[in-house]
Amino acid sequence: MKILSIEASPRGDKSNSSRVAQAFLEACTEANPDVEIDRLNVFDDGLPAFGREGASQKMAHIARLMESGQGLEAAGEWSGVLDHIQRLKSADKVVISSAMWNFSIPYPLKHYIDLVCQPGLTFGVNPQGEYVGMLKGKSLQLILSRGSEYRPGFPRQEDGIKTDYQSAYLRHIAAFLGFEDVREIILQPMDAKGPAHAATVLEQALQAARAAGAAF
Ligand SMILES: Cc1cc2nc3c(=O)[nH]c(=O)nc-3n(C[C@H](O)[C@H](O)[C@H](O)COP(=O)(O)O)c2cc1C
């Protein structure tokens with residue numbers, strides 16, 4: 001079994017989400033000694049550029065898909081797209097650990113999503129015009145940390161000016177790409193109620209991660 005672990009905090013061993021992800025992966029390895037873990041830190045590992053060239057290649061890719069059913073070959077920025085899609089597809093299971101930044105995900109994780117969400121490769125459109133995810137059969141574990149507290153129920157439940165686009169967005173992208181088994185460990189509030197409260201929340205999340213990792 002191969003797990004792709006995508007880490008989206010730049011805070012190293014001070015990161016709550018990374019620490020809980022590490023406990024999760026250790027428990028997973030203990031329960032399945034033959035598990036292979038492929039680690040990607042979207043802050044540290046230098047994601048390939050996806051800008052002017054990549055965006056125009058994406059549009060050319062779509063045009064070619066519609067004309068001939070064949071996508072674009074690897075070249076320039078599109079090579080980075082194909083490499084990361086291959087890496088994601090080769091994983092049996094995926095873990096995403098992420099900080100919340102400005103109610104959503106940190107920008108390098110969005111960069112990663114912009115690389116791997118590609119028509120004909122990770123999602124398609126059926127004859128009824130509906131999107132169909134192509135990453136079927138992979139479990140996804142989300143480990144999400146935030147400084148404040150967010151109530152469930154987005155987008156129907158208001159919580160002052162606080163809105164959780166972190167979990168909502170990642171769950172939306174996961175469903176779009178075809179993930180059906182999505183699990184979540186939330187750490188909150190990691191700043192708003194002070195360090196003693198955060199330590200308790202972290203300890204509970206570590207325990208939950210050990211159990212969830214062993215069963216992943
Ligand atoms: C740039 C930045 C933006 C943040 N924005 C939010 C936010 O919108 N809402 C929130 O509740 N916490 C916010 N926080 C706090 C972090 O989400 C919180 O400290 C979390 O535990 C960080 O995860 P980590 O320890 O894995 O890095 C922000 C922190 C940083 C550094």
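In each ligand, atom 1 is the first atom listed, and ligand 1 is the first ligand listed.
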Closest protein heavy atom (residue, atom, distance) for atom 21 (O) of ligand 1: S145 OG, 2.6 Å
Atom 12 (N) of ligand 1: nearest protein contact (heavy atom, Å): G147 N, 3.1 Å
Under 4.0 Å to a heavy atom of [X] - the qualifying atoms of ligand 1, by number:
X    : value
S9   : 24 (P), 26 (O), 27 (O)
S148 : 10 (C), 11 (O)
S17  : 24 (P), 26 (O)
A99  : 22 (C), 23 (O), 24 (P), 27 (O)
N102 : 3 (C), 4 (C), 5 (N), 6 (C), 7 (C), 8 (O)

Should one rank Y150, F103, W101 by closest heavy-atom distance to atom 29 (C) of ligand 1, which comes out on top? W101
Ignoring angles and geometry beyond distance, decide whether N16 reaches within less than 3.5 Å of ligand 1 through its nitrogen or oxygen atoms. yes
[X] and ligand 1 - part of the residue with a heavy-atom distance under 4.0 Å:
X    : answer
M100 : both
M190 : side chain
D191 : side chain

Does the ring of F103 carry K162 above it, NZ/CZ under 6.0 angstrom from centre and within 45° of its axis? no
Going by atom types alone, do R64 and Q70 pair a side-chain donor with an acceptor below 3.5 Å? no
Exercise: do S145 and S17 side chains pair donor with acceptor under 3.5 Å: no
Aromatic ring proximity, centroids under 6.0 angstrom, F50 and H111: no
Would you say the ring centers of Y131 and F123 fall short of 6.0 Å from each other? yes
Can you check whether Q118 reaches W78 side chain to side chain, under 4.5 Å on heavy atoms? yes
Any side-chain heavy-atom pair from C28 and I3 closer than 4.5 angstrom? yes
Q141 vs K93, side chain to side chain donor-acceptor pair (under 3.5 Å): CA-CA, chis, key distance, verdict: CA-CA 8 Å; Q141 176 70 55; K93 299 182 179 187; over 6 Å; no
